*Asks:* 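I have a structure I would like to understand better, so I am pasting it below and will then ask my questions one at a time.
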Amino acid sequence: MTKGKILQSIWDNLPDDRKECIQARTEKLEVEYLTLQELRKTAGLTQAEISRNLDMPQSNVSRLERESDMLLSTLQNYIAAMGDSLIITVELPNKPPIRLNMLSDLVDS
């Protein structure tokens, strides 16, 4: 198959300003979609530190970081173990972002 070569050919033929726009968007998306592991590393923390803060074995932290689906309360606890807080924002078309406050109310009670 030559799909890779075809894509490279398309990329090579794009104008430089279009390539720059695509690259800038790619970098923005990469920052927006960090994994928990990357987020923890960016914060300068180890799994051992997170496991102590969560009072769970390090193996469980490793498992959490590989999860693609988890409870919001679990995610909030993980983020809190990093010393940060979780804010959930909903973005609807043609509307300003809406911050959901109910999550913290449910977890705190």
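Source: prediction; values computed, not measured. Computation of the quantities below employed the complete heavy-atom set of this structure, encompassing side-chain atoms and omitting hydrogens, waters and symmetry-equivalent molecules.
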*Asks:* Counting only heavy atoms from other residues, nucleotides and ligands, does the tally under 6.0 Å from CG of Asp12 exceed 12?
*Replies:*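 Atom CG in Asp12 is packed in, count exceeds 12.
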*Asks:* Heavy atoms only: give me the nearest Met82-Arg40 pair and the separation to one decimal.
*Replies:*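 Residues Met82 and Arg40, closest heavy atoms: SD-CA, 4.2 Å.
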*Asks:* Please examine the side chains of Asn60 and Leu54, heavy atoms only from C-beta on, and report whether any two atoms are closer than 4.5 Å.
*Replies:*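 Side-chain contact under 4.5 Å: no.
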*Asks:* Within the 3.5 Å criterion, strictly below it, is a donor on Glu49 or Asn53 matched to an acceptor on the partner's side chain?
*Replies:*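 Result is no, nothing qualifies.
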*Asks:* On a heavy-atom basis, which atom in Leu14 and which in Lys19 lie closest, and how many Å separate them?
*Replies:*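 Heavy atoms of Leu14 and Lys19 come nearest at O-CE, 3.4 Å.
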*Asks:* Less than 4.5 Å apart, side chain to side chain, heavy atoms only: is that true for Glu65 and Ser62?
*Replies:*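 SC-SC contact between Glu65 and Ser62 ruled out.
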*Asks:* Same cluster or not: are Leu7 and Ile22 linked, directly or through other Ile, Leu, Val, Met, Phe, Trp or Tyr residues, by side-chain heavy atoms under 4.5 angstrom apart?
*Replies:*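 Each belongs to a different hydrophobic cluster.
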*Asks:* Check whether the side chains of Arg63 and Ser59 place a donor and an acceptor atom closer than 3.5 Å, and report yes or no.
*Replies:*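 Ser59 and Arg63 do not have a side-chain donor-acceptor pair below 3.5 Å.
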*Asks:* Nearest 0.5 angstrom please: Ile50 CD1 to Gln37 CD, how far?
*Replies:*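 Reported value, rounded in 0.5 Å steps: 11.5 Å.
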*Asks:* Just verifying a value: how many Å separate Thr74 OG1 and Asp69 CG, rounded to the nearest 0.5 Å?
*Replies:*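 If we round to the nearest 0.5 Å, Thr74:OG1 and Asp69:CG are 10.0 Å apart.
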*Asks:* Would you say Leu72 ends up clustered with Val90 if hydrophobic residues are merged whenever their side chains have heavy atoms under 4.5 Å apart, either directly or through other cluster members?
*Replies:*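 Yes: a chain of side-chain contacts under 4.5 Å links Val90 to Leu72.
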*Asks:* A side-chain contact here means heavy atoms from C-beta on lying under 4.5 Å apart; do Tyr78 and Val61 qualify?
*Replies:*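 They are in contact (side-chain heavy atoms under 4.5 Å apart), so the answer is yes.
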*Asks:* When clusters are formed by joining ILVMFWY residues with side-chain heavy atoms under 4.5 Å apart, either directly or through shared neighbours, do Ile87 and Leu75 land in the same one?
*Replies:*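 Unlinked, Ile87 and Leu75 end up in two clusters.
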*Asks:* Is Ile79 linked to Leu100 within one hydrophobic cluster, defined over Ile, Leu, Val, Met, Phe, Trp and Tyr using a side-chain heavy-atom separation of less than 4.5 Å?
*Replies:*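 Yes, one cluster joins them.
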*Asks:* Going by side-chain contact (heavy atoms from CB on, under 4.5 Å), Leu36 matches just one of Arg66, Met70, Lys41. Which one?
*Replies:*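 Considering Arg66, Met70, Lys41, a side-chain contact (heavy atoms from CB on, under 4.5 Å) with Leu36 is found only for Met70.
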